[in-house]
Amino acid sequence: MGEKIEAVDPATGEKVRSFEVATDLQVEKAFSKSRGAFDCWKDLSIDKRCEYLERLRKIIVERKDELVETIRLDTGKPDVEALMSDVFATLSMIRYYEENAENILETEKRKTPSEYPKNSSYVDYIPMGVVAVISPWNYPFQLSVVPSITALVAGNTVILKPSEITPITGEKIMELFSKAGFPEGVFQVLQGGGRVGQQMIEEKPDKIFFTGGVETGKKVMENASKYLIPVELELGGNDAMIVFEEADLERAVKGAVYGSLANAGQLCVSIERIYVQNSIEEEFTRELIEEVKKIDIGTGRDVEMGPMILEKQIETVKDHVNDALEKGADLLTEIKKEGSFLHPIILNNVSHDMKMIKEETFGPTIPIVPFESEDEAVELANATSYGLNASVWTDDISKAKEIVSRLETGNCYINDVVKNIGSPHLPFGGVKNSGIGRYHGPEGLKSFTETRSVMINKNKGTELNWFPYDNDLYVDIGDLIEAKHGDVGLLKKVKTFFRLWRKM
Ligand code: NAP
């Protein structure tokens with residue numbers, strides 16, 4: 001009997017099904033199949049690849065409710081959360097590639113320096129090979145399918161390892177890709193935990209796209225370094241929300257509640273720290289407490305917060321809350337846990353020596369910290385090892401932009417939270433411990449390709465820079481340096497170029 005993983009419904013704790021874990025041999029076979037499939041897939045036109053994407057999109061639209069049920073079984077998240085953030089966000093990305101991939105990846109003509117007369121230059125974006133996608137459990141559909149389709153549209157083949165916490169969604173993803181008719185071996189799913197992820201790296205994929213925690217990300221990078229495999233890391237966040245006194249208070253409060261509690265806080269771009277200007281802190285906190293009372297907890301269509309997906313996460317939340325209370329924080333709500341459902345926890349008098357502020361809590365906690373000045377707000381927001389997303393709230397957009405320019409973060413939202421990650425046009429990724437690389441947008445699509453630079457020389461005969469080296473060539477290069485990069489007059493420049501062009 002092979003190794004198994006159990007799919008457990010986080011809302012009830014009941015085992016739903018068990019799945020066979022991929023053996024080392026199956027991992028090896030999947031890679032050899034993927035390499036075989038790459039030979040044909042890479043030669044398809046982007047237009048042709050997009051036809052597969054279009055079919056996938058239509059199947060997802062048709063089966064959206066079934067997908068929501070699948071994601072609910074794996075994660076317990078509210079139906080709206082699954083439909084909006086897993087299904088809708090994925091569809092937007094597919095549509096974006098259908099409409100833009102061809103343009104983004106088309107051959108680009110580039111300028112050629114004047115000392116290369118009769119030359120021209122261009123850049124090609126070429127597929128890399130087999131891409132290993134390793135995804136987390138919190139948005140098991142979006143965070144598996146989006147990197148996979150990005151790799152595929154760029155001409156790569158893909159092997160996906162979903163989290164062992166969400167194997168049902170992993171299986172469903174494979175079913176959808178098969179239904180869409182992707183050729184055998186172009187897209188595959190391997191079920192299993194960290195060991196399977198590690199084994200995939202040993203098979204030397206041509207790129208690894210990893211989404212998950214910082215510690216695992218470091219291990220992935222370390223293992224990949226043995227074979228110099230390019231790695232893209234989408235890691236955790238500790239996102240700050242900065243609320244200035246002139247902000248629309250009611251909107252900021254509602255934004256804070258949504259940004260902190262969406263997916264019960266198990267969201268990489270969740271608001272983890274709220275900095276509120278002194279003059280409005282009391283009112284903001286009072287209204288926040290009232291707003292949080294409106295949150296319904298449970299599963300299904302008309303609830304806002306589902307269960308914690310992982311028992312380990314409940315322990316982290318407890319640890320961070322206890323640490324904050326021991327160090328003097330005030331609890332403004334009661335701590336309530338029903339099964340795997342945690343109620344929102346609001347705290348103030350929190351400080352930067354507390355785990356809740358320093359680290360990623362990944363749960364329904366809302367710590368509030370007052371600040372006096374713009375400088376202090378920026379300093380506090382940057383006082384973390386993470387840099388994924390942030391938000392700045394004020395009616396003064398110039399001031400907001402100035403603040404944003406000083407924030408150490410890969411992404412930022414002015415007067416809103418979270419949904420900037422859903423724009424297919426914007427590159428997404430973190431700075432500092434939040435990761436390496438970008439996906440989404442043109443930059444993100446190109447990151448799944450190798451750049452090949454090409455020059456064409458239509459010159460006849462010999463070249464100025466070729467052998468033999470002698471004093472004449474030394475003088476010519478010296479003159480060229482003066483003309484190109486020195487402070488010589490226009491006439492001298494033209495004369496030098498005219499003289500040298502004849503030799504080039
Ligand atoms: P995780 O524990 O780091 O796991 C991520 C993936 O890596 C899972 O598929 C996991 O498998 C696999 N894995 C574990 N050990 C491995 C190894 N040695 N080699 C290769 N793969 C290995 O993260 P998580 O708990 O699932 O996700 C939560 C974290 O992801 C949070 O920190 C969150 O902020 C971050 N996240 C970031 C983004 C972003 O876009 N920046 C988005 C979502 C989440 P198993 O799960 O099967 O063990």
Item to check | Pair Lys492 + Glu482: basic N to acidic O under 4.0 Å | outcome: no
Item to check | Test side-chain hydrogen bond (donor to acceptor under 3.5 Å, both in side chains) applied to Tyr97 and Thr150, step by step | outcome: CA-CA 8 Å; Tyr97 292 136; Thr150 313; 2.9 Å; yes
Checklist outcome for this item: One should read off an interatomic distance between Lys118 NZ and Ile456 CD1, to the nearest 0.5 angstrom, of 15.0 Å
Item to check | Residues Glu54, Lys58: salt bridge by 4.0 Å N-O rule | outcome: yes
Next on the checklist: Would you say that Ser391 contacts Ile271 through its side chain, given a criterion of any heavy-atom pair below 4.5 Å between the two side chains?
Outcome noted: yes
Checklist entry - Got Leu160 and Phe209 here, is their nearest side-chain heavy-atom distance under 4.5 Å? => result no
Checklist entry - Can you name the closest pair of heavy atoms from Leu152 and Asn156 and give their distance? => result CD2-O, 3.3 Å
Checklist entry - Taking it one step at a time, do Thr112 and Ser121 satisfy side-chain hydrogen bond (donor to acceptor under 3.5 Å, both in side chains)? => result CA-CA 6 Å; Thr112 305; Ser121 321; 2.6 Å; yes
Next on the checklist: Ring of Tyr52, cation from Arg55 - is the NZ or CZ under 6.0 Å from the centre and inside 45° of the axis?
Outcome noted: yes
Next on the checklist: Closer than 4.0 angstrom, basic N to acidic O: yes or no for Asp239 and Arg273?
Outcome noted: no
Item to check | Tyr469 vs Phe467, ring-ring contact (aromatic ring centres under 6.0 Å, His included): CA-CA, chis, key distance, verdict | outcome: CA-CA 5 Å; Tyr469 287 172; Phe467 298 146; 5.0 Å; yes
Item to check | Residues, nucleotides or ligands: over 12 heavy atoms within 6.0 Å of Lys495 NZ | outcome: no
Item to check | Full working for side chain to side chain contact (heavy atoms under 4.5 Å, CB included) between Glu108 and Tyr122 | outcome: CA-CA 5 Å; Glu108 272 173 38; Tyr122 65 88; over 6 Å; no
Next on the checklist: Between Tyr474 and Asn471, do the side chains contain a donor N or O and an acceptor N or O under 3.5 Å apart?
Outcome noted: no
Checklist entry - Which heavy atom of Thr157 sits nearest a heavy atom of Ser34, and at what distance? => result OG1-OG, 2.9 Å
Checklist entry - Which residues pass the salt bridge (Lys or Arg N to Asp or Glu O under 4.0 Å) test with Glu402, sequence neighbours left out? => result Arg406
Checklist entry - Side-chain donor-acceptor pair under 3.5 Å between Asn389 and Asn420, yes or no? => result yes
Next on the checklist: Does Glu379 have more than 12 heavy atoms from other residues, nucleotides or ligands lying within 6.0 Å of its CD?
Outcome noted: no
Checklist entry - Does Phe497 CZ have over 12 foreign heavy atoms under 6.0 Å away? => result yes
Item to check | Stepwise ring-ring contact (aromatic ring centres under 6.0 Å, His included) test for Tyr275 and Phe371 | outcome: CA-CA 6 Å; Tyr275 298 103; Phe371 69 86; 7.3 Å; no
Checklist entry - Would you say the side chain of His440 lies within less than 4.5 Å of the side chain of Pro427, judging by non-hydrogen atoms? => result no
Next on the checklist: Under the criterion side chain to side chain contact (heavy atoms under 4.5 Å, CB included), I'd like the reasoning laid out for Ser270 against Phe362: C-alpha separation, chi angles, the key distance, then a yes or no.
Outcome noted: CA-CA 8 Å; Ser270 168; Phe362 225 53; 5.8 Å; no
Checklist entry - Where do Asn238 and Met356 come nearest, in terms of heavy atoms and distance? => result OD1-O, 4.4 Å
Checklist entry - Does Lys226 pair with Glu202 as a salt bridge, N-O distance under 4.0 Å? => result yes
Item to check | side-chain hydrogen bond (donor to acceptor under 3.5 Å, both in side chains) evaluation trace for Ser351 with Asp353 | outcome: CA-CA 6 Å; Ser351 55; Asp353 60 337; 2.5 Å; yes
Next on the checklist: Would you say NZ of Lys29 has more than 12 non-hydrogen atoms from neighbouring residues, nucleotides or ligands within 6.0 angstrom?
Outcome noted: no
Item to check | Those residues that, when tested against Lys358, pass salt bridge (Lys or Arg N to Asp or Glu O under 4.0 Å) (two or more places apart) | outcome: none
Checklist entry - Does some side-chain heavy atom of Leu407 sit less than 4.5 Å from a side-chain heavy atom of Ile242? => result yes
Item to check | Heavy-atom side-chain contact between Arg35 and Asp206 under 4.5 Å | outcome: yes
Checklist entry - Step by step, would you call Phe177 with Phe182 a ring-ring contact (aromatic ring centres under 6.0 Å, His included)? => result CA-CA 6 Å; Phe177 274 77; Phe182 279 84; 5.0 Å; yes
Checklist entry - Can Lys207 be said to sit on top of Phe448's aromatic six-ring, NZ or CZ under 6.0 Å from centre and within 45° of the ring axis? => result yes
Next on the checklist: Pair Tyr116, Trp501 - check ring-ring contact (aromatic ring centres under 6.0 Å, His included), show working.
Outcome noted: CA-CA 9 Å; Tyr116 294 72; Trp501 267 332; over 10 Å; no
Checklist entry - With sequence neighbours left out, what residues match Arg57 under salt bridge (Lys or Arg N to Asp or Glu O under 4.0 Å)? => result Glu98
Item to check | Within 6.0 angstrom of Glu184 CD, more than 12 heavy atoms from elsewhere | outcome: no
Checklist entry - Can you name the closest pair of heavy atoms from Ser163 and Pro136 and give their distance? => result CB-C, 3.7 Å
Checklist entry - Quick one: does Pro147's side chain get under 4.5 Å of Val133's, heavy atoms only? => result yes
Next on the checklist: On the six-membered ring of Tyr227, is Lys204 placed so that its NZ or CZ lies under 6.0 angstrom from the centre and within 45° of the ring axis?
Outcome noted: yes
Checklist entry - In terms of side-chain heavy atoms, does Gln266 have a donor or acceptor partner in Tyr139 at a distance below 3.5 Å? => result no
Checklist entry - Where do Leu190 and Ile159 land on the side chain to side chain contact (heavy atoms under 4.5 Å, CB included) test, with the steps shown first? => result CA-CA 7 Å; Leu190 290 173; Ile159 301 180; 3.6 Å; yes
Checklist entry - Of the non-hydrogen atoms in Ala483 and Val488, which two are nearest, and what is the gap between them? => result CA-CG2, 3.8 Å
Checklist entry - Just wondering, do Glu203 and Val27 contact through their side chains at under 4.5 Å, heavy atoms? => result yes
Checklist entry - Does the pair Glu222 and Lys219 meet the rule for a salt bridge (Lys or Arg N to Asp or Glu O under 4.0 Å), with working shown? => result CA-CA 5 Å; Glu222 191 184 334; Lys219 277 189 213 156; over 6 Å; no
Checklist entry - How far apart are the C-alpha atoms of Leu56 and Leu176, what are their side-chain angles, what is the distance that settles it, and do they pass the side chain to side chain contact (heavy atoms under 4.5 Å, CB included) test? => result CA-CA 7 Å; Leu56 179 69; Leu176 298 176; 4.0 Å; yes
Item to check | Worked verdict on Thr90 versus Gln142 for side-chain hydrogen bond (donor to acceptor under 3.5 Å, both in side chains) | outcome: CA-CA 5 Å; Thr90 303; Gln142 186 206 149; 5.7 Å; no
Next on the checklist: Tell me if the CZ atom of Arg452 is crowded by more than 12 foreign heavy atoms within 6.0 Å.
Outcome noted: no
Checklist outcome for this item: For Leu388 and Gly237 the tightest heavy-atom approach is CB-CA, 3.9 Å
Next on the checklist: Do Trp393 and Val417 make a side-chain contact, defined as non-hydrogen atoms from C-beta onward lying under 4.5 Å apart?
Outcome noted: yes
